[in-house]
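Here is the structure we will look at.
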Amino acid sequence: MSLFKTRDWWSITVGEEEEFNHGCLCIGNIDNDPNGYDKIIIGSFHGILRIYNPNPSNGSAVDDVVVEKAFQQPILQLEVGKFSSASENLKIAILHPRKLAVYNASVISGTVEHGSQYQLTLMYEHTLKRTAFNFCYGPFGGVKGKDFLCVQSMDGVVSIFEQESFAFSRFLPGALLPGPIKYVPRLDLFVTASSAWRVEAYRYQVLAVATDTAVGEESQNIKSGKKVAADWTYNIGEQALDIAYVEYPNVAPCILVLGERTIFCLTDNGMLKFAKKLEDDPCCVLPYASVSENKINYLLGTHSKALHVYQDTTLKWMAKTEFTPVQVRVGNFKGLKAGIVGLSDSGRLETMYLGTDPSVFSPPQVESRDINYAAMEAEMAKLMKHVKAKSGNSVIAPAVKAEDDLALHVHVSPNLDDVSVSQDVLILVLYIWELGLSLGSPIQMKSRLLLDNVKLEIHCPWPLGCNQSEFTIPSLDPNTPSETFVAVFQRYSGLPSHLYIQLSATFTSSTGGRRVISTRANLPTKLVIKPVFPVKTAVHKLTIDTNRPAVSLNELFPDLLGENAGGQGSALGFQFFGGGPVVSILASKTSQRYRLQSDQLEAIWLPLRELVGRLNGHFKKSHGDFKVSFDGALPLQEYFELVDAHFDVREGTQKCQDILAQRAAQFRTIQKRLLTRFKDKTPAPLQNLDTLLDGTYRQIIALADAVEENTQAEKLTANNLSSGTYLLNYLLKLWMDMTEDEFRVLEATLTPIVTTSESQGWEESVDAAITHLLRTVMAKSSKDQAVNPSPLVPPPDTNKVKKHIALFCDRIGKGARLVDGLKDNKEKMVKKSASRTIMEANENDSPGDTMPVDEMLRSNKRKAGHKKKKDKTLKPLGLPQMDQSISGEPGVLHSAREERESQQRINSLVPDLDTMDDDYGGRMSDDEDDKLKGNKNSLFNGNTRTDGHPAAPDRWLPGSGDVEIG
């Protein structure tokens, strides 16, 4: 028999399919027995009241029922107190949704062997005008020998009943949902918990005097009243489940507040005494008397079917119960003092106690013999040796992995579908230009046990998409694996940074916990590129070296030949779907080199990865020592252009959001002023406030469109930067022949994951990571190892992060390792990227001139200071088709003059509110009035469609200073 279980003294299961909750259990000497024995009173939501006099000697708990009465309405709460002015005996107060009734339980002595009979008599009742939630009682106002009632309704109105008569009703401020309520007699105040997760206290006298002078007499149908001020409030930060008041002789009065995860102890004036974070979800609390000075004892019921005994914040005892109690009480019964009474939501009623049952077993006497200490020590040493040998390999619980319960298998076909599922998407998606191809992938799930509600989520990299990204399997049978078909296709037009999809399945394991398993599936390259003729000239080019003769490209890419089939195999061209850039791959006839070239640097990443992967697969069987290296120039200058483009769009998005917030605040202020003018009994002239309102509204609409366009542009530039970072990291790996551990550190530092977060961007995160490496494992001396981390705040420009990236590459080129304990590499010089095309340079020539990092940075600054005028319009892969400039229109980046003109036009149309008179009835200055009238025609007539709606303004694009109203 376990020591940590409650002992059942008396129990019964109440009714059939009846429901109970907190407040349905009450303990008290309701029949005013001179012996002082308590009775158990319960009421259900089905409206049935039962009174029990527990006595285990009767043999059956059914014989202990003394009263059973059915009511027409559900019973919400029961309490026992002095609720009658005619006598000071205890009465029963029963709360129904629309009625509060007080009953008297009397005992009629019997004249036959059946014994005494109990009878319930209605003393009085109050009809409630509002739906009730709960109530509390006590000597409100300091009255002696009486208990008044306070009923809280569902809309936060408290109604006071002075026994047979109604006193008043008051609104509690800010009440949205009702909470538990208790009365504190020492300070004559009510303590309740609001839906704002605060504990609030209101004095009875404050509620009593807060009457509406316009109303002649008090009524429950109140619609208005004076605002009631709380005596004190305390923010607990979570929903309160129950409130208990503690008042014992050797303990200072305090209030226990049971939250969802914490129990708080507050003094009666609102000061925190202690708080205890709970490990299990609590369901009820009950304080009881303590023999220790200034110690609070309380029982805590949990949803894990346990009863905890606490003294302040210390757990003194824990006992398991057979049910989850929704309410516990302590009472004195015949044969058991201080018995714990618990009630479950399904009607399990049990009287129990803590401790152990006495053992009736007495061990037999053994014969006395001499103790052999030497034999005992030898046996102990043998046992300890055996325990030590087993303890190293033993486990308390078997390690169960999520894959043991559910296995996720994905098969990706190397061939594309004959009929693309992306045809249906063309109607809904506006950003796709060219019909892409789709790829069907079956997903199979096998389970070891029967699993319910398995949720499968699929995440595709932008710009790819799938026909369905979420699946819910109601039941997964281990005998019949579930198979789901998913089609992946190119949804938008852009450059994908990687070609794998992430799949995750969420389910409930056999142990009851929520588990997640995930897997990856690689997609074929032909899903995003198509074969085209190679291009002779290009802006960016990269050359990789191998230690084996060059292979024909027709053998490496047999599935991507297209119109190049039958050629010599020395040159192939690939173009990304959606009108993307063309990437040409050329194989040298005389050397062991391969060259990739394109007009966009970020477009080279995926073909380079595919080329290296196919080369490794081609030489894996015949040549185990095959090696790919890169000795060319790191494209740092071109990579920094991607960083600048992403940062410019990010700054434009933030600036646009700031202006939108300012215009929204201005719009609300104008609305308030107009509302004040309209409510005035003697209306004053509007003074062009309606014109200001209309102009501000137009600006808000334009700015909202600009925020949306900048969000799309930021997503595009982030994806391009991610592809460029993947490319730079891979070139660094080939350049310095990094190990897998070093490459993982490199990708964690110079991360290719570019997020569009407002609080923490890619630039400051990468700068902090690289600075940490430069000051730790890559530091030249001990004095450079001082680590003073700076806060992650948005930088004013990209100069700092570009300088640290260049210094980082320079340290790697000088042989620094990213992992401690490795031998330094041979020093290499950071090379300046070349600008000639493949046709202009001989393959055997040096790829570029060498340049130290300091000189390269100075050269970069000079270039930044003297930029040539060139078209800054983003390529088709930079913005969607709807955002491209039409022939003859300016590019997407405005000049400084256009920025100033746009800002001046905005200021002329809608002046700032700071220049207006603070008085609602005041007039604007003459200059502002004339300026407003002069621009009125341009505000409404210059940009209007034929249907009467304002036409779309000029789009907000990266680098513009404000929004231009047409």
Side-chain angles (χ1 to χ4, degrees), residues 1-31 33 35-70 75 77-78 80 92 105 115 118 242 280 282-286 288 298-309 317-360:
M1 186 173 293
S2 174
L3 190 69
F4 299 95
K5 287 185 179 180
T6 57
R7 306 302 168 191
D8 185 7
W9 182 72
W10 177 88
S11 61
I12 187 175
T13 300
V14 179
E16 295 181 359
E17 297 183 357
E18 294 187 39
E19 296 182 5
F20 302 83
N21 206 338
H22 183 80
C24 295
L25 172 64
C26 184
I27 303 294
N29 186 15
I30 189 59
D31 58 348
D33 187 1
N35 296 323
Y37 296 140
D38 293 327
K39 309 300 182 296
I40 302 176
I41 310 167
I42 62 172
S44 67
F45 288 161
H46 286 63
I48 302 177
L49 175 71
R50 298 179 179 89
I51 302 178
Y52 294 92
N53 186 12
N55 189 1
S57 61
N58 291 337
S60 175
V62 179
D63 298 335
D64 299 331
V65 181
V66 296
V67 173
E68 186 170 7
K69 183 178 178 62
I75 298 176
Q77 188 175 348
L78 298 167
V80 174
I92 306 176
Y118 284 76
D242 194 9
D280 299 328
C283 54
C284 57
V285 65
L286 175 68
Y288 65 94
Y298 52 93
L299 296 174
L300 187 69
T302 64
H303 285 282
S304 58
K305 298 182 180 181
L307 199 62
H308 296 182
V309 180
W317 192 266
M318 186 199 66
K320 298 293 289 184
T321 59
E322 299 296 333
F323 57 91
T324 300
V326 296
Q327 191 174 4
V328 291
R329 287 290 183 265
V330 174
N332 295 323
F333 308 102
K334 186 178 180 180
L336 179 65
K337 291 185 177 181
I340 303 173
V341 181
L343 177 66
S344 70
D345 57 352
S346 59
R348 177 66 178 177
L349 181 63
E350 184 174 324
T351 303
M352 48 198 162
Y353 61 92
L354 304 178
T356 59
D357 289 335
S359 176
V360 296

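From a predicted model like this one, the values you see are computed outputs, not experimental measurements. The analysis underlying the following values was restricted to heavy atoms, covering all of them including side chains, and did not include hydrogens, waters or symmetry mates.
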Those residues at least two apart in sequence (or on a different chain) that pass side-chain contact (heavy atoms from CB on, under 4.5 Å) with Glu68 are Ile48, Arg50, Val65
With sequence neighbours left out, the residues meeting side-chain contact (heavy atoms from CB on, under 4.5 Å) with Lys69 are Phe71, Leu120
Can you name the nearest heavy-atom pair linking [X] to [Y], along with the distance?
X      : Y      : answer
Glu18  : Ser44  : OE1-OG, 2.7 Å
Gly339 : Leu336 : CA-CD2, 3.8 Å
Phe20  : Gly43  : CD2-O, 3.5 Å
Gly342 : Val328 : CA-CG1, 4.2 Å
Thr324 : Thr302 : CG2-O, 3.7 Å
Glu350 : Ser11  : CG-CB, 3.9 Å

Quick one: are [X] and [Y] in side-chain contact, heavy atoms under 4.5 Å?
X      : Y      : result
Thr13  : Phe323 : no
Asp280 : His308 : yes
Leu343 : Ile40  : no
Ile92  : Ile51  : yes
Tyr52  : Val341 : no
Asn29  : Asp31  : yes
Thr6   : Ile340 : no
Leu25  : Val326 : no

Practice problem: Just do the side chain to side chain contact (heavy atoms under 4.5 Å, CB included) check on Val330 and Ile27 with the steps written out, would you? | Solution: CA-CA 7 Å; Val330 174; Ile27 303 294; over 6 Å; no
Exercise for the section: May I ask you to check whether over 12 heavy atoms, not counting those of Lys320, lie within 6.0 Å of atom NZ? Expected result: yes
Margin query: Can you confirm whether or not the ring centre of Phe333 sits under 6.0 Å from the ring centre of Trp10?
Written below: no
Go through the steps for Leu299 and Val309 under the test side chain to side chain contact (heavy atoms under 4.5 Å, CB included), then give the verdict. CA-CA 5 Å; Leu299 296 174; Val309 180; 3.5 Å; yes
